[in-house]
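Structure first, commentary second.
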Amino acid sequence: QVQLVESGGGLVQAGGSLRLSCAASVRTFSTYAMGWFRQAPGKEREFVTAISGSATNTHYADSVKGRFTISRDNAKNTVYLQMNSLKLEDTAVYYCAAGKIVSRLRQDYNYWGQGTQVTVSS
């Protein structure tokens with residue numbers, strides 16, 4: 001069983017930055033691929049970015065490429081999402097997820113955090 005706890009969300013002006021963290025309670029953290037998804041009101045949960053267990057492989061949604069960066073610290077059982085140049089359309093609840101393969105698909109992730117709200121204002 002993997003428990004995930006996100007933190008770092010909040011209110012930020014457009015153009016600003018935030019860094020989200022996701023702490024995992026599992027001894028074998030480095031064996032899990034980690035992903036970030038987001039869900040805006042009235043919309044489906046969508047893929048944002050993912051990283052392999054060894055951090056050698058990353059994927060990004062086109063909408064965040066060049067602005068967001070995923071990273072992980074396996075010694076701290078934590079994955080990060082650095083979000084720069086935030087836009088109004090980035091407003092959503094952000095979820096981290098753990099799975100056995102690096103994937104853009106929600107069904108490939110077995111464990112989910114409770115989510116953290118990111119609100120971008122004009």
Side-chain angles (χ1 to χ4, degrees):
Q1 188 73 11
V2 179
Q3 292 187 326
L4 304 172
V5 179
E6 301 98 335
S7 60
L11 176 64
V12 63
Q13 285 193 322
S17 299
L18 276 178
R19 188 175 83 153
L20 305 183
S21 300
C22 173
S25 61
V26 62
R27 287 186 295 175
T28 56
F29 179 67
S30 64
T31 68
Y32 286 89
M34 299 297 296
W36 286 97
F37 290 75
R38 66 187 181 186
Q39 187 167 16
K43 293 189 176 181
E44 295 276 327
R45 191 172 299 188
E46 65 174 5
F47 171 77
V48 176
T49 181
I51 189 168
S52 62
S54 60
T56 55
N57 188 15
T58 58
H59 296 276
Y60 292 92
D62 288 344
S63 58
V64 306
K65 202 171 292 183
R67 300 188 297 121
F68 290 11
T69 302
I70 190 171
S71 62
R72 64 189 296 159
D73 185 338
N74 286 342
K76 295 183 178 180
N77 280 18
T78 302
V79 63
Y80 304 99
L81 179 61
Q82 178 66 45
M83 304 185 293
N84 299 328
S85 302
L86 282 161
K87 303 177 180 180
L88 297 179
E89 53 263 41
D90 294 319
T91 295
V93 177
Y94 283 71
Y95 299 89
C96 71
K100 283 302 185 178
I101 62 171
V102 183
S103 173
R104 295 170 180 261
L105 303 177
R106 286 179 292 174
Q107 56 261 41
D108 289 330
Y109 293 88
N110 307 104
Y111 305 100
W112 293 82
Q114 82 289 350
T116 186
Q117 177 71 46
V118 171
T119 302
V120 184
S121 65
S122 59

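No hydrogens, no waters, no symmetry mates; every other heavy atom, side chains included, goes into these values.
Side-chain atoms of T116 and L20, non-hydrogen and from C-beta on, do get closer than 4.5 Å to each other. Using a 4.5 Å cut-off on side-chain heavy atoms (C-beta onward), S122 and L88 make contact. The shortest side-chain heavy-atom distance between R38 and S63 falls under the 4.5 Å cut-off.
Put simply, CD on Q1 and OH on Y111 are 5.5 Å apart, with the number rounded to the nearest 0.5 Å. For the atom pair L11 CG and S121 OG, the distance stands at 4.5 Å (nearest 0.5 Å). A distance of 12.0 Å separates CZ in R67 from OG1 in T49, rounded to the nearest 0.5 Å. For the atom pair CG of L81 and OG1 of T69, the computed distance is 8.0 Å after rounding to the nearest 0.5 Å. Residue M83 holds its CE atom at 12.0 Å from CD1 of I70, rounded to the nearest 0.5 Å.
When all heavy atoms are compared, the tightest approach of S85 to S17 is N-OG, 4.4 Å. Looking at every heavy atom in both residues, A55 comes nearest to R72 through CB-CG, 4.0 Å. Between N110 and G99 the shortest heavy-atom distance is OD1-CA, 3.9 Å. Closest of all the heavy-atom pairs between S103 and A50 is O-CB, 3.9 Å. The minimum heavy-atom distance between A40 and A92, with the atom names listed, is N-CB, 3.8 Å. When every heavy atom of G8 is checked against every heavy atom of L18, the shortest pair comes out as O-CD2, 3.8 Å.
Residue Q13 places its CD atom among 12 or fewer non-hydrogen atoms of other residues, nucleotides or ligands, all under 6.0 Å distant.
The backbone N or O of I51 sits nowhere less than 3.5 Å from a side-chain atom of N57 that would complete a donor-acceptor pair. T91 places a side-chain N or O within donor-acceptor distance of the main-chain N or O of V120, the cut-off being under 3.5 Å. With hydrogens and angles disregarded, a donor-acceptor distance shorter than 3.5 Å links the side chain of E6 to the backbone of C96. A donor-acceptor pair under 3.5 Å is absent between the side-chain atoms of E46 and the main chain of F37, judged by distance alone.
In this structure, Y60 has no ring-ring contact (aromatic ring centres under 6.0 Å, His included) partners at least two apart in sequence or on a different chain.
Geometrically, R45 engages Y95 in a cation-pi contact, judged by NZ or CZ lying under 6.0 Å from the ring centre and within 45° of the ring axis.
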Next item on the list: With side-chain contact (heavy atoms from CB on, under 4.5 Å) as the test, would you mind laying out the steps for F68 and Q82 before giving the verdict?
Entry: CA-CA 5 Å; F68 290 11; Q82 178 66 45; over 6 Å; no

Next item on the list: Please assess Q39 against E44 for the test side-chain contact (heavy atoms from CB on, under 4.5 Å), listing each intermediate value before the final yes or no.
Entry: CA-CA 6 Å; Q39 187 167 16; E44 295 276 327; 5.8 Å; no

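In this structure, Y109 is not a member of the same hydrophobic cluster as Y80, with clusters built from ILVMFWY side-chain heavy atoms closer than 4.5 Å. Cluster annotation: W112 is not connected to L4 through the hydrophobic network of ILVMFWY side chains, with a link wherever side-chain heavy atoms come within less than 4.5 Å.
A salt bridge does not link E89 to K43: none of the charged nitrogens lies less than 4.0 Å from a carboxylate oxygen. Checked for salt-bridge contact, K87 and D90 miss the test: no charged N lies under 4.0 Å from a carboxylate O.
Here W36 and F47 keep their ring centres 6.0 angstrom or further from each other.
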Would you mind writing out the side-chain donor-acceptor pairs for residues 27-35 within the sub-3.5 Å range, not counting sequence neighbours?
unit_1 : atom_1 : unit_2 : atom_2 : d
T31    : OG1    : T28    : O      : 2.7
T31    : OG1    : K100   : NZ     : 3.0

